[in-house]
> 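So that we are looking at the same thing, I have put the structure below in structure tokens.
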Amino acid sequence: MCTGGCAKCLGTTLIPLAVLCTLANILLFFPGGKVADNNQHITDEVWYFGGILGSGVLMIFPALVFLGLKNNDCCGCCGNESCGKRFAMFSSIIFAAVGLLGAGYCFILSAVAINKGPKCNTGTGWTYPFQDGNYLSNHTLWNVCQSPQNIVPWNLSLFSLLLIMSGIQAVLCGIQVVNGLFGTICGDCKCCGCCGGDGTV
Ligand SMILES: *[C@@H]1O[C@H](CO)[C@@H](O)[C@H](O)[C@H]1NC(C)=O
């Protein structure tokens with residue numbers, strides 16, 4: 001099992017996802033694609049930075065660590081050829097857990113935001129006119145929002161993207177937790193081409 005190679009490919013996938021999540025969160029600050037005339041008019045969940053912090057910044061660390069695992073020096077410590085690599089795989093579990101936390105935050109936030117619906121101007125004021133996702137199955141209700149234009153599909157599609165992408169990130173980080181466990185227990189056999197992988201001194 002080539003655990004270092006797996007980690008590298010996970011890292012390569014996490015980076016574009018993190019960039020896309022950050023972009024989606026930034027776009028949400030522009031309701032309906034326009035500059036909001038008042039910060040109070042932006043849906044609250046956008047301000048919790050699920051895409052920028054959770055799936056963006058927090059994901060950069062595990063992604064970089066996973067990318068580096070393949071090139072880690074594994075032939076180094078205590079006369080144990082695989083223990084340097086093992087330590088790298090072990091620490092990757094911690095970073096994978098950080099990534100899981102960030103992606104989970106973004107995932108839950110997006111689910112809440114989709115269920116709650118966007119904040120919009122109903123003619124009488126700026127409120128959340130929908131409850132329990134009732135607008136998802138009834139497009140007639142969308143007309144309740146008079147402005148910003150297209151706020152409902154705008155928020156719905158961006159939060160759905162965030163939901164899907166953070167879900168994928170969470171799965172990938174979950175895979176690395178398992179992969180890291182294997183790497184810690186078995187060593188990364190292909191790395192040196194030297195040891196049996198059981199790591200006995
Ligand atoms: C959708 O919402 C409108 C407005 O509240 C309501 O009149 C209509 O019956 C609803 N349609 C469905 C299919 O629930």
Side-chain angles (χ1 to χ4, degrees), residues 9-63 66 95-178:
C9 125
L10 290 177
T12 321
T13 319
L14 282 177
I15 300 252
L17 283 176
V19 171
L20 287 175
C21 284
T22 306
L23 279 178
N25 199 157
I26 290 173
L27 283 176
L28 279 167
F29 280 105
F30 300 93
K34 297 194 181 64
V35 179
D37 35 14
N38 186 333
N39 284 347
Q40 306 283 317
H41 295 170
I42 295 172
T43 304
D44 284 347
E45 280 70 22
V46 177
W47 290 103
Y48 296 155
F49 296 101
I52 294 174
L53 287 182
S55 283
V57 173
L58 266 186
M59 203 56 61
I60 295 299
F61 301 107
F66 298 170
F95 281 97
V98 169
L100 201 58
L101 212 70
Y105 173 69
C106 184
F107 186 84
I108 291 169
L109 208 56
S110 306
V112 168
I114 289 172
N115 187 53
K116 186 171 160 193
K119 185 190 256 185
C120 69
N121 180 11
T122 58
T124 53
W126 287 81
T127 55
Y128 296 90
F130 310 120
Q131 292 123 31
D132 300 328
N134 58 354
Y135 70 103
L136 294 172
S137 54
N138 188 348
H139 286 206
T140 319
L141 286 174
W142 294 17
N143 300 325
V144 170
C145 285
Q146 297 185 352
S147 73
Q149 225 183 353
N150 296 327
I151 180 67
V152 181
W154 182 265
N155 270 32
L156 183 57
S157 39
L158 286 170
F159 273 121
S160 303
L161 274 177
L162 279 178
L163 187 78
I164 294 167
M165 294 191 292
S166 61
I168 297 175
Q169 285 180 328
V171 170
L172 293 180
C173 286
I175 290 176
Q176 180 54 24
V177 170
V178 176

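As the structure lists them, so they are numbered: ligands from 1, and atoms in each ligand from 1.
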> Using a 4.0 Å cutoff against the non-hydrogen atoms of N138, which atoms of ligand 1 qualify?
1 (C), 2 (O), 3 (C), 8 (C), 10 (C), 11 (N), 12 (C), 14 (O)
> Would atom 2 (O) of ligand 1 count as contacted, meaning some protein heavy atom under 4.0 Å?
yes
> Starting from atom 4 (C) of ligand 1, find the nearest protein heavy-atom neighbour and note its residue, name and distance.
L141 CD2, 3.9 Å
> What do you reckon, C145 and C120 SGs under 2.5 Å?
yes
> Using atom types as modelled and distance alone, determine if a side-chain donor or acceptor of N121 lies under 3.5 Å from a backbone N or O of S147.
no
> Donor-acceptor check, side chain of W126 to backbone of K119, threshold 3.5 angstrom: yes or no?
no
> Please tell me whether F49 and F29 form a close aromatic pair, meaning their ring centres lie under 6.0 Å apart.
yes
